[in-house]
Amino acid sequence: SSTRRLRRRQNFLRSTKQAQMAEWGCVSFAGARFRLWQSDVHGKNTSEAAFDPYSFAHACVGACQFLLVPPPGVWAWEHAFLLNLGLHAAFEVVENTPPAIRWCRSATVDKEYKGDTVVNSLGDLVTFAAAYFLTFGLWLAAGGFAALVPVACLAVFCGFYCRGAE
């Protein structure tokens, strides 16, 4: 009888927790629970968590865009950042269109890719912005060539970790 009461209490708490998570937006579009990090690049839940191994590729793009679009010193940093963030947000939208999703399915190992969740797209934008500002900080603190450090490190990391088209 005490075991039965314990099970009922656990079931109640579990269902209450699930309801609270759904109420606070912690259920993804695929019905999975909200995750902050998905470590398996080839897992079936990649692109559902806020951050995944592909977030590092978005960070690499953020560092590169700081250096290239427009080059530092051409515009005020606020304008350059907003332009770059807008370009990356536009990429996130295009990346989740049906033609882009079909291309991703044909070009990568994930044949069931459904597109990014909103949470993942926001995580990609946060990662992009963080790398953009890291590169900007290095540019200010140590000069132009120091800003290449995050680009090189992130590119090497992405090459070894993601290997998306195997």
Side-chain angles (χ1 to χ4, degrees), residues 14-15 17-72 74-75 77-136 147-166:
R14 190 175 303 122
S15 65
K17 181 179 178 185
Q18 288 171 347
Q20 288 172 340
M21 288 183 74
E23 181 180 332
W24 287 96
C26 295
V27 176
S28 74
F29 295 116
R33 293 169 70 185
F34 173 80
R35 285 178 313 284
L36 191 61
W37 171 254
Q38 167 69 28
S39 62
D40 184 9
V41 72
H42 301 299
K44 70 177 193 170
N45 296 322
T46 302
S47 297
E48 288 183 10
F51 303 99
D52 58 22
Y54 294 108
S55 297
F56 294 103
H58 292 275
C60 190
V61 169
C64 288
Q65 276 187 237
F66 170 80
L67 296 168
L68 300 174
V69 184
V74 174
W75 288 5
W77 74 267
E78 301 93 344
H79 299 141
F81 171 70
L82 290 175
L83 170 70
N84 282 296
L85 187 64
L87 288 172
H88 201 72
F91 167 79
E92 287 294 326
V93 170
V94 170
E95 179 187 32
N96 289 292
T97 61
I101 291 171
R102 281 193 299 275
W103 178 83
C104 286
R105 286 181 186 161
S106 68
T108 65
V109 295
D110 188 1
K111 303 302 180 201
E112 297 180 25
Y113 177 68
K114 298 177 187 102
D116 294 351
T117 61
V118 172
V119 169
N120 182 261
S121 291
L122 292 173
D124 291 344
L125 287 170
V126 166
T127 306
F128 169 88
Y132 188 93
F133 284 118
L134 171 69
T135 309
F136 180 53
L148 295 174
V149 171
V151 175
C153 292
L154 289 166
V156 168
F157 181 81
C158 287
F160 281 111
Y161 192 73
C162 291
R163 297 186 311 265
E166 283 184 355

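The shown structure was predicted, so the numbers you read here are calculated from the model rather than taken from an experiment.
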### Task
Show your working on ring pair (Phe, Tyr, Trp, His ring centres under 6.0 Å) between F136 and F81 and close with a plain yes or no.
CA-CA 10 Å; F136 180 53; F81 171 70; 9.4 Å; no

### Query
Rounded to the nearest 0.5 Å, how far does CD of E92 lie from CZ of F128?
10.0 Å

### Message
If you compare all heavy atoms of Q38 against all heavy atoms of P53, which two are closest, and at what distance to 0.1 Å?
### Response
O-CD, 3.0 Å

### Parallel, tilted or perpendicular, as decided by the 30° and 60° cut-offs, for the rings of F66 and Y132
perpendicular

## Note on the structure
Between I101 and K114 the two heavy atoms that sit nearest each other are CD1-O, 3.6 Å

### Message
Within the structure provided, determine whether L87 and L83 are in side-chain contact (heavy-atom separation under 4.5 Å).
### Response
yes

### Sub-4.5 Å side-chain heavy-atom contact between T135 and C64
no

### Side chain to side chain, F91 and H58, heavy atoms closer than 4.5 Å
yes

### Query
Which pair of heavy atoms, one from A131 and one from A59, lies closest together, and at what distance?
CB-O, 3.0 Å

### Task
Identify the two heavy atoms, one from S55 and one from D124, that lie closest to each other, and give their separation to 0.1 Å.
OG-OD1, 3.6 Å

### Message
With a 4.5 Å cut-off on side-chain heavy atoms, are S39 and F51 touching?
### Response
no

### Query
Taking all atoms of both residues into account, what is the closest heavy-atom pair of N96 and D116, and its distance?
OD1-N, 2.5 Å

### Task
Evaluate the side-chain contact (heavy atoms from CB on, under 4.5 Å) criterion for residues N120 and E48: first the C-alpha distance (whole Å), next the side-chain angles of each, then the deciding distance (0.1 Å), finally the verdict.
CA-CA 6 Å; N120 182 261; E48 288 183 10; over 6 Å; no

### Query
Is there side-chain contact between R105 and E112, with at least one heavy-atom pair below 4.5 Å?
no

#### Entry: Between OG1 on residue T127 and OH on residue Y54, distance to nearest 0.5 Å
14.5 Å

### Message
Is the shortest side-chain heavy-atom distance between D52 and S47 below 4.5 Å?
### Response
yes

